[in-house]
**Student:** 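First the structure, then my questions, so here it is.
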Amino acid sequence: MSLDQLWYSLDEAADRYGVTRRAVERWARDGRIVVTTLAGTTRRISAASLLAFEQANRAVTLPPALTPDDAGPSGNTGGDTKGKRVRPSTKPRRPR
C-alpha cells in the first residue's frame, strides 16, 4: 500500500455518495470498488479506486424528459393534475 495517495474510510466514501456504509460494503463485496485491509479490521479505499468507480458509473443513462411533442391531443402531458385527487380507473363507475 502506497502512502503517497489519498485513502478514504468506508464512512467517508458513504458520505461522498450519499449512501449508507452497508452500500459501500456491498459494492466492495460485488467487486465494484477495491477495499484494502490494514492492520486488524481497518479498511480503506484508495482515491484511485473511487475515481474508477465514478467513471464506471457515469454511463448510467436516464430516460429522456417528456417533451411537449409527447403530449396527448388535449396538450396535457399527464403530469398536471392541478392539486386534484386522481382516482384509479380499475373498474367503471356505476351511474347514480
**Student:** Kindly write out the residues that satisfy side chain to side chain contact (heavy atoms under 4.5 Å, CB included) with Val19, not counting sequence neighbours, or none if the list is empty.
**Tutor:** Ala14, Tyr17, Ala23, Val24, Trp27
**Student:** Mind checking the CG-CD1 spacing from Leu6 to Ile45? Nearest 0.5 Å is all I need.
**Tutor:** 13.0 Å
**Student:** Can we say Glu25 and Arg29 salt-bridge, meaning some charged N sits less than 4.0 Å from an Asp/Glu carboxylate O?
**Tutor:** no
**Student:** Sub-3.5 Å donor-acceptor pair from the side chain of Glu54 to the main-chain atoms of Leu51, do we have one?
**Tutor:** no
**Student:** Of the non-hydrogen atoms in Ala13 and Leu50, which two are nearest, and what is the gap between them?
**Tutor:** CB-CD2, 4.3 Å
**Student:** Can you list the residues that meet the side chain to side chain contact (heavy atoms under 4.5 Å, CB included) rule with Ala52, with sequence neighbours excluded?
**Tutor:** none
**Student:** Within this structure, what is the CZ-CG distance for the pair Arg43 and Asp11, rounded to the nearest 0.5 Å?
**Tutor:** 10.0 Å
**Student:** Examine Arg44 relative to Tyr8 and say whether NZ or CZ is less than 6.0 Å from the centre of the six-membered ring and inside a 45° cone about the ring axis.
**Tutor:** no
**Student:** Tell me whether Val34 shares a hydrophobic cluster with Leu10, the cluster being built from Ile, Leu, Val, Met, Phe, Trp, Tyr side chains joined at under 4.5 Å.
**Tutor:** no
